Amino acid sequence: MSYNTLIVETHGAVGLIRMNRPEALNALSFELTSELTEALKALDADDAIGCIVLTGSEKAFAAGADIKEMATKNFSDVYLEDFITATWEQLTRTRKPVIAAVNGYALGGGCEFAMMCDMMFVGEKAKFAQPEIKLGVTPGAGGTQRLTRFIGKAKAMDMNLTGRMIDADEAVACGLASRKFPVETLVEETLKVAAEIAAYSRPTVLAVKEAVNRSYETTLAEGVRFERRLFHGMFGTEDQKEGMAAFIEKRPANFKNR
Ligand code: DAK
């Protein structure tokens, strides 16, 4: 399938989605977010794919919601069309892991998109901000909620109330991103990590993602109980037998995703 605002490739068992609206620094238009929803659904449903990478260009991951598209909307427009919820949240419904590879600007909705992914790697020149306050709106896709859970109240309040940008080092230091790479090698290095994840047992990968995400939505006791049940369930898979046999026999595991 071809898209107007995305470039989608497969690299072995990894799906790579590049947001591609260079004229608008990948601003998240209705077309882009709708196409991204379709691309994510297709990769999630593809048995040959085990992990997904979402990236933009060296200048911009995404410079936020498309301001030109939304500037004249009124309350009824955004409420009735379910703005954001309708086309922005497939990232949170994707079962396979999605890694954001962020070069350049990740502002407003761009930062929120990156936070909807399961992991975030940054290029040295990445820049994050929640500048909605400068536009007279609040964030609408997790800028006050996910960001606060990622980096804590003090820094989230600072970013949301001032709109200031943080750089790649600050993003890694405060836990927004987990690894930093040179700009030119960010996507290549992210693809390597994605390939490593895609080579593990698929049911185990999905269960790990589900368990970590559950920690954001429940108490510690319930979360650990959920984790324990998933762990018990893993003993019903062929891949558990294979993984442990491979360790004992000192050979690489050959997972079958069963
Ligand atoms: N939307 C539309 N076009 C954008 C854009 C955006 N967010 N960001 C950049 N562009 C366009 C510029 O207008 C320019 O187009 P032309 O003028 O050439 O036609 C082109 O991309 C290049 O941008 P610049 O010329 O500005 O490039 P610079 O290198 O000088 O500056 C910049 C780069 C990223 C610092 C700057 O472009 C910038 O500040 N962009 C806006 C960043 C921003 O404020 N993003 C947050 C958007 S708000 C909700 C409602 C709203 C929201 C959420 C929920 N609900 C109703 C629930 C808001 C969400 C957001 O994301």
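Both counts, for ligands and for their atoms, begin at 1 and track the order of listing. Nothing here was measured: the structure is a model prediction, and the numbers come from that model. We number each residue from 1, following the sequence as shown.
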Salt bridge Asp167-Lys125, side-chain N to carboxylate O under 4.0 Å
no
Indicate whether atom 24 (P) of ligand 1 is within a distance of less than 4.0 angstrom of some protein heavy atom.
no
Which is closest to atom 32 (C) of ligand 1 by heavy-atom distance: Tyr105, Phe83, Phe75?
Tyr105
Pick one of side chain, backbone, both or neither for how Met70 approaches ligand 1, counting any non-hydrogen atom pair under 4.0 Å.
side chain
Applying a heavy-atom cut-off of 4.0 Å, say which part of Lys59 lies close to ligand 1: side chain, backbone, both or neither.
side chain
Below 4.0 Å from any atom of ligand 1, is there a heavy atom belonging to Gln130?
no
Counting from 1 in the order shown, the ligand 1 atoms closer than 4.0 Å to a non-hydrogen atom of Gly109 are 60 (C), 61 (O)
With a 4.5 Å heavy-atom cut-off, do Ile99 and Pro97 have their side chains touching?
no
Verify the neighbour count for atom CZ of Phe83: are there more than 12 heavy atoms of other residues, nucleotides or ligands below 6.0 Å?
yes
Any Ala24 heavy atom less than 4.0 Å to ligand 1
yes
A side-chain contact here means heavy atoms from C-beta on lying under 4.5 Å apart; do Asn103 and Thr55 qualify?
no
Sub-4.5 Å side-chain heavy-atom contact between Ser178 and Val172
no
For atom 41 (C) of ligand 1, the closest protein heavy atom turns out to be Ile67 CD1, 3.9 Å
Shortest non-hydrogen contact from Ala101 to Phe61?
O-CD1, 3.7 Å
In sequence, state the C-alpha distance, the side-chain angles, and the governing distance for Glu31 and Asn4, and then conclude on side-chain hydrogen bond (donor to acceptor under 3.5 Å, both in side chains).
CA-CA 8 Å; Glu31 184 181 34; Asn4 289 330; 2.8 Å; yes
Are side-chain heavy atoms of Val122 and Leu186 found at a separation under 4.5 Å?
no
Region of Leu28 engaging ligand 1 - heavy atom pairs below 4.0 Å:
neither
Any protein heavy atom at under 4.0 Å, with atom 1 (N) of ligand 1 as the reference point?
yes
Heavy-atom protein neighbour under 4.0 angstrom from atom 30 (O) of ligand 1:
no
Sub-4.0 Å protein heavy atom near atom 8 (N) of ligand 1:
yes
If we only count N/O pairs under 3.5 Å, is Ala27 in contact with ligand 1?
no
Contact with ligand 1 for Glu23, non-hydrogen, under 4.0 angstrom:
yes
Nearest-option assignment for atom 3 (N) of ligand 1, heavy atoms, candidates Lys68, Arg21, Lys127:
Lys68
protein heavy-atom neighbour closest to atom 54 (C) of ligand 1 works out as Ile84 CD1, 3.2 Å
Electrostatic pair Arg258-Glu242, nearest N-O below 4.0 angstrom:
no
Working to the nearest 0.5 angstrom, can you tell me the gap between Thr85 OG1 and Tyr79 OH?
10.5 Å
Would you verify that at least one protein heavy atom lies under 4.0 Å from atom 60 (C) of ligand 1, or report that none does?
yes
Pairing of Arg225 and Glu222 as salt bridge, 4.0 angstrom limit
yes
Of Gly140, Ala106, Ala63, the residue with the heavy atom nearest atom 45 (N) of ligand 1 is Ala63
Numbered atoms of ligand 1 (with element) below 4.0 Å of Gly108, judged on heavy atoms:
61 (O)
For Leu107, the ligand 1 atoms whose distance to one of its heavy atoms is below 4.0 Å:
34 (C), 42 (C)
Nearest non-hydrogen protein atom, atom 48 (S) of ligand 1:
Leu135 CD1, 3.4 Å
Look at the rings of Phe121 and Phe181 and say which category their plane angle falls in: under 30° parallel, 30 to 60° tilted, over 60° perpendicular.
perpendicular
Please determine whether side-chain hydrogen bond (donor to acceptor under 3.5 Å, both in side chains) holds for the pair Glu35 and Thr5, giving the CA-CA distance in whole Å, both sets of side-chain angles, and the decisive distance to 0.1 Å.
CA-CA 7 Å; Glu35 290 191 342; Thr5 60; 2.6 Å; yes
Heavy-atom pairs closer than 4.0 Å: do any link ligand 1 to the side chain of Pro131, the backbone, both, or neither?
side chain
Would you say atom 56 (C) of ligand 1 touches the protein, meaning some protein heavy atom is under 4.0 Å from it?
yes
Please could you name the atoms of ligand 1 that Glu132 approaches to less than 4.0 Å, counting only its heavy atoms?
48 (S), 58 (C), 59 (C), 60 (C), 61 (O)
Ranked by distance from atom 36 (C) of ligand 1, the top protein heavy atom is Leu25 CD1, 4.7 Å
Ala141 to Trp88 - nearest heavy-atom pair and separation:
CB-CE3, 3.8 Å
Looking only at heavy atoms, what is the nearest atom pair of Asn257 and Asp239, with distance?
N-OD2, 2.8 Å
